There are 2 protein chains.
Amino acid sequence: MNASSAAALYVLLVDDDHDVLAANARFLRVSGLDVVVADCATVAVERLKEGPVDAIVTDLVMPGQNGIEFARRARELQPFVPVLFFSGYASVPDVVSAMRLGAVDFLEKPVEPEHLLTRLLALADGPVGAAHTRGAFDLSEAMPFRARVLAYERHLIETSLAQHQGRIADVLKALKINRRTLNEKMARLGIRRDHAID
Amino acid sequence: MNASSAAALYVLLVDDDHDVLAANARFLRVSGLDVVVADCATVAVERLKEGPVDAIVTDLVMPGQNGIEFARRARELQPFVPVLFFSGYASVPDVVSAMRLGAVDFLEKPVEPEHLLTRLLALADGPVGAAHTRGAFDLSEAMPFRARVLAYERHLIETSLAQHQGRIADVLKALKINRRTLNEKMARLGIRRDHAID
DNA sequence: GTCTGGTCGGCAAAATCTTGCCGATTAAGC
DNA sequence: GCTTAATCGGCAAGATTTTGCCGACCAGAC
């Protein structure tokens, strides 16, 4: 929460450009964060093996192992660490890959230190990787409990229905649910079994 | 709807460019999918209100409501539907927003119909981005319906509890649920509100 | 035509869940 | 000690949901 006290964020900063790396590291440090740097994926991985960090900030494009590869490796070592990418040449597919891999953010180069700091601090309060760690389900406070549960029921049924090409009998077995109950729910939730034959 | 032929994917295609819309729709149809189109977010939302679709493919940039806004709205109506964006002017932040919102994919314009089809079919078998888009909920078929719904309820409650530092009163408001009911559920599900001080 | 497998929906009893009312408990303040 | 705010849980009337039983449909097989 507060970057002032002893609970400073411990950040691993990875960038192959030494000047940028140093500059950013310095800025973050004077801003109260604990920063450890690495100029390539290999070094960064070594660093991760030593112990947990609160966040990883890495360039996407680096000689040797690229950011995505590195992030994948990092996830193996520390499954829940938030990874924040930045890149000057990010293509849409790159960003998609990164986000799928669980990136919590993606900044564009040149990275403004203040901006980076803001994002990092944001990680601190807001339930971090919430977005992907938890799924698109607990979208904010928007929907009331009841509605969400119903939505989930609908999802389960529709999914199972699709998975079994709409054969009720199979869905029944898969979901271990009473036929009458399933029928009732489908009626209530307005689920039609379009998924016809195949 | 079209229940005659196959267990076709039922796709909602949204694009303000009528020509592109028509062309893509045609291609997908001859490829065996069921397609319903909309030339703006408003129409698309109306369509969603009518019933579930298997996937939504939408342009990111549209007059009126943009794709992100639309996706958010769509999620309220159908929380689990996979949303696939495409855009020709996607900026990195756009892609980040989209992915955070649970997009399963992001294509660049011009969209090659074959490519789009491939991505859509990919959704069909292996719930692709499932891991994070959907959360740990519709994992295996293992658990029976009842159990899964309960697990989801538990998740919702625990999440909200954590989000409000264990203050029941706040959870009540957030989830719009009766206090007595929440208490009952917590007792039934064996949820304790440990979440002490921070 | 007749039979069979897969589905539906009406009905009603049984099982559950929801919720208002009320008193109890605990921690913090006055 | 007394008061207030935040929670809990017992109880019971109501509201909903779940299910078994039964008859009906429809499509394909015989």
Side-chain angles (χ1 to χ4, degrees), chain A residues 137-138 141-198, chain B residues 1-10 32 34 50-54 78-80 137-138 141-198:
Chain A
F137 300 102
D138 32 18
E141 299 307 298
M143 251 187 283
F145 187 82
R146 262 327 207 314
R148 296 213 233 172
V149 174
L150 289 192
Y152 184 60
E153 292 198 341
R154 169 188 266 104
H155 164 74
L156 283 182
I157 295 177
E158 284 177 351
T159 298
S160 189
L161 222 31
Q163 215 164 84
H164 297 94
Q165 286 79 52
R167 281 189 305 281
I168 301 296
D170 292 342
V171 173
L172 257 34
K173 254 185 300 182
L175 259 28
K176 294 207 174 57
I177 189 180
N178 178 295
R179 180 190 70 80
R180 218 49 249 294
T181 302
L182 177 61
N183 276 170
E184 291 290 321
K185 280 191 184 302
M186 287 176 62
R188 247 176 268 149
L189 299 173
I191 299 176
R192 307 180 306 273
R193 71 196 174 96
D194 309 345
H195 307 282
I197 329 97
D198 197 3
Chain B
M1 306 257 123
N2 175 358
S4 56
S5 53
L9 272 186
Y10 192 35
D34 281 342
E50 288 169 24
V53 298
D54 295 323
Q78 296 183 29
F80 303 91
F137 295 103
D138 49 3
E141 291 307 294
M143 252 190 282
F145 187 82
R146 251 348 195 306
R148 295 212 234 172
V149 174
L150 289 192
Y152 185 59
E153 292 198 341
R154 169 187 269 102
H155 164 75
L156 283 182
I157 294 176
E158 284 178 347
T159 298
S160 189
L161 222 32
Q163 215 164 82
H164 297 93
Q165 285 81 52
R167 281 190 305 280
I168 301 294
D170 292 342
V171 174
L172 257 33
K173 256 185 300 184
L175 259 28
K176 292 207 177 58
I177 188 180
N178 179 293
R179 180 191 69 82
R180 218 49 250 294
T181 302
L182 177 61
N183 276 171
E184 291 290 321
K185 281 192 183 303
M186 286 175 63
R188 249 177 265 148
L189 299 172
I191 300 176
R192 304 182 308 276
R193 72 196 171 98
D194 315 346
H195 310 283
I197 324 108
D198 54 326

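Just so it is clear, the structure is predicted and the values come from calculations on it, not from any experiment. Chain identifiers are assigned alphabetically (A, B, ...) following the order of the sequence lines, protein sequences preceding nucleic acid strands; residue numbering begins at 1 within each chain.
- Here OH of Tyr152(A) is found 6.0 Å from CZ of Arg148(B). Values are rounded to the nearest 0.5 Å.
- The CG atom of Leu161(A) sits 10 Å away from the P atom of dT7(C) (whole-angstrom rounding).
- Separating the CG atom of Leu182(A) from the C1' atom of dT7(C) is a distance of 11 Å, rounded to the nearest angstrom.
- For Ile157(A), the side chain to side chain contact (heavy atoms under 4.5 Å, CB included) partners are Leu161(A), Leu182(A), Lys185(A), Met186(A), Leu189(A), Ile191(A), Phe145(B), not counting sequence neighbours.
- In this structure, the separation between CG on Leu156(A) and CZ on Arg146(B) is 12.5 Å, given to the nearest 0.5 Å.
- Following rounding to the nearest Å, Ile177(B) (CD1) and dT18(C) (P) show an atom-to-atom distance of 7 Å.
- Atom CZ in Arg167(B) sits about 16 Å away from atom C1' in dA28(C), given to the nearest Å.
- Separating the CG atom of Leu172(B) from the C1' atom of dG20(C) is a distance of 14 Å, rounded to the nearest angstrom.
- Which of dT19(D), dT7(D), dT19(C) sits closest to the side chain of Asn178(A) comes down to dT19(D).
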Nucleotides 10-17 of chain C: which of its N/O atoms have a protein N/O under 3.5 Å away?
from: dG10(C); atom 1: N7; to: Arg180(A); atom 2: NH1; distance (Å): 3.4
from: dG10(C); atom 1: O6; to: Arg180(A); atom 2: NH1; distance (Å): 2.8
from: dC11(C); atom 1: N4; to: Arg180(A); atom 2: NH1; distance (Å): 2.8

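- Rounded to an integer number of Å, the gap from CD1 of Ile168(B) to P of dA5(D) is 18 Å.
- dT19(C) atom P lies 16 Å from atom CE of Met186(B), rounded to whole Å.
- If you take CG of Leu150(A) and P of dT16(D), they are 13 Å apart, rounded to a whole angstrom.
- Listed by chain and number, the residues in a side chain to side chain contact (heavy atoms under 4.5 Å, CB included) with Arg179(B) are Leu172(B), Asn183(B) (sequence neighbours excluded).
- Rounded to the nearest 0.5 angstrom, Glu184(A) CD and Asn178(A) CG are separated by 9.5 Å.
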